[in-house]
Amino acid sequence: MNSKNNIQRRTVLAAGASALLPLQAHAQAAWPNRPIRLIVPFAPGGSNDILSRVLGAKLSTRLGQTVVIENKAGGGGTLGTEFVAKSAPDGYTLLFASTSVTTNAASGKKLPYDLLKDLQPIGLMAATPFAVVVGNDVKANNLAEFVALARAKPKSVNYGTAGIGGINHLGTELMSSAAKIEMTHIPYKGIGPAFTDLMGGSLQMTLPTLASVLPQLRGGKMRALAVTSAQRSPLAPEIPTASEAGLPGFRLEAWFGLLGPANMPPAVLKRLNEELNWTLTQPDMKEALTREAAATMPGTPEEFASLLRSEVARWTKLISEKNIQID
């Protein structure tokens, strides 16, 4: 009898232990249980780097794990993007993405990843406008006058950008199409040298982000004819929107958001999106974004995925129509 009871007791204990195994495994696999890497695909110092560090600090507090910022620059952002695309989809390697991921995807260059298949949108963070900027010697007091000037003498206006295929280049070509004008592209290795030549008079126009050109504007070294957002920027409310200034409906913004490798666990994706949206309500994050002339853009992974698809389609169409050759 005792032997039979012992056997039954061992059977019950074994069954109970087996039932606990899934719970124990779930506890061991709770996310996050180690540091998270946030990859910035550009060198330190720019808007991507600055904002990623503010975001990383906020997420570290919320998630209870350190978010380590790693700059992996190269290939116009493609090296860092590839690194994340090929990482394990476990929520421990994320990408601080910006508009460049879509211009790269549309460039026609052979990339070692597929943006729309190999990366998972987590959430959009913010968007910042560009400014239509001209040199002080350009005889145009507003955007309509500048368009008339460029239309009167096709290709006589030189515009500078940070390089072929970048957002400054493609954005200016998009604006040219909307305005029905033709200008001559002068690419540089960075927007700084373009500013120098704009002030020197060999360039007439450039399209930088508003935040990057504000010091020069406030110093009177060049003039902004319009911003490309839907609304005027709180940082420079005196500058009209392009839509107000003569290009109805024209809108172009640089954006920032979070991506991860495709096939992340749904629970991890949901948590990351919720925490990202929470950070956008915090005063210090809002302050950091304001310094970059950026407005918060909370939303869902699905909304961010839709933006990515539409952006890739827009740039692909433009590159084809303009026959833009990107090395």
Side-chain angles (χ1 to χ4, degrees), residues 19-41 48 51-70 72 77 80-102 105 113-127 253-286 288-289 294-312:
L20 287 174
L21 284 176
L23 297 175
Q24 291 171 342
H26 177 74
Q28 291 170 356
W31 182 92
N33 59 15
R34 56 187 169 87
I36 297 165
R37 305 167 77 182
L38 180 53
I39 307 301
V40 180
N48 291 270
L51 294 177
S52 69
R53 293 181 187 279
V54 179
L55 176 62
K58 303 302 290 182
L59 289 178
S60 293
T61 300
R62 291 287 288 186
L63 297 174
Q65 291 290 340
T66 301
V67 176
V68 181
I69 308 301
E70 294 186 24
K72 290 187 180 294
T81 304
E82 177 189 6
F83 181 84
V84 175
K86 294 183 176 179
S87 295
D90 52 13
Y92 290 99
T93 307
L94 308 174
L95 178 72
F96 191 85
S98 60
T99 317
S100 64
V101 296
T102 56
Y113 59 87
D114 184 317
L115 171 65
L116 301 179
K117 293 181 180 179
D118 298 334
L119 287 140
Q120 167 64 58
I122 295 168
L124 192 60
M125 179 177 171
E253 292 171 299
W255 50 260
F256 308 96
L258 273 187
L259 296 173
N263 302 313
M264 294 170 60
V268 172
L269 175 62
K270 183 175 183 292
R271 175 83 186 278
L272 278 168
N273 176 260
E274 290 172 348
E275 299 300 355
L276 172 63
N277 286 335
W278 175 86
T279 68
L280 300 181
T281 68
Q282 301 306 296
D284 50 351
M285 176 58 81
K286 288 183 176 181
L289 291 169
T296 59
M297 301 282 286
T300 66
E302 292 77 19
E303 289 168 337
F304 191 18
S306 179
L307 173 70
L308 291 177
R309 289 192 297 269
S310 65
E311 288 273 283
V312 171

When rounded to the nearest 0.5 angstrom, what distance separates [atom1] in [X] from [atom2] in [Y]?
| X | Y | atom1 | atom2 | answer |
| --- | --- | --- | --- | --- |
| Leu276 | Leu55 | CG | CG | 6.0 Å |
| Asp284 | Lys58 | CG | NZ | 3.5 Å |
| Leu51 | Met125 | CG | CE | 5.0 Å |
| Phe256 | Leu289 | CZ | CG | 8.5 Å |
| Glu70 | Thr93 | CD | OG1 | 8.0 Å |

Do [X] and [Y] make a side-chain contact, defined as non-hydrogen atoms from C-beta onward lying under 4.5 Å apart?
| X | Y | result |
| --- | --- | --- |
| Arg53 | Val40 | no |
| Leu280 | Met285 | yes |
| Phe304 | Leu258 | no |

Exercise. Of Asp118, Leu115, Ile39, Val84, which meets side-chain contact (heavy atoms from CB on, under 4.5 Å) against Leu259?
Worked result: Leu115

For this session: Dump the intermediate steps for side chain to side chain contact (heavy atoms under 4.5 Å, CB included) on Asp90 and Val268, then the final yes or no.
Result: CA-CA 8 Å; Asp90 52 13; Val268 172; over 6 Å; no

Exercise. Any idea which heavy atoms bring Gln120 and Pro301 closest together, and the distance?
Worked result: NE2-CB, 4.2 Å

Exercise. Which atom names give the shortest non-hydrogen contact between Pro261 and Ala85, and what distance separates them?
Worked result: CB-O, 4.4 Å

Exercise. Quick one: does NZ or CZ of Arg271 land under 6.0 Å from the six-membered ring centre of Trp31, within 45 degrees of the ring axis?
Worked result: no

Problem set entry | Pairing residues for Arg309 by the side-chain hydrogen bond (donor to acceptor under 3.5 Å, both in side chains) criterion, not counting sequence neighbours | none

Problem set entry | Residues forming a side-chain hydrogen bond (donor to acceptor under 3.5 Å, both in side chains) with Gln65, sequence neighbours excluded | none

For this session: Quick one: do Leu119 and Val101 satisfy side chain to side chain contact (heavy atoms under 4.5 Å, CB included)? Show the steps, please.
Result: CA-CA 11 Å; Leu119 287 140; Val101 296; over 6 Å; no

Problem set entry | Crowding at CG, Asn263 (>12 non-hydrogen neighbours, <6.0 Å) | no

Exercise. What's the verdict on side chain to side chain contact (heavy atoms under 4.5 Å, CB included) for Leu59 and Leu38, showing C-alpha distance, side-chain angles and the deciding distance?
Worked result: CA-CA 10 Å; Leu59 289 178; Leu38 180 53; 5.5 Å; no

Problem set entry | Pair Leu124-Glu303, side chain to side chain contact (heavy atoms under 4.5 Å, CB included): steps then yes or no | CA-CA 8 Å; Leu124 192 60; Glu303 289 168 337; over 6 Å; no

Problem set entry | Which residues share a salt bridge (Lys or Arg N to Asp or Glu O under 4.0 Å) with Lys86, sequence neighbours left out | Glu82

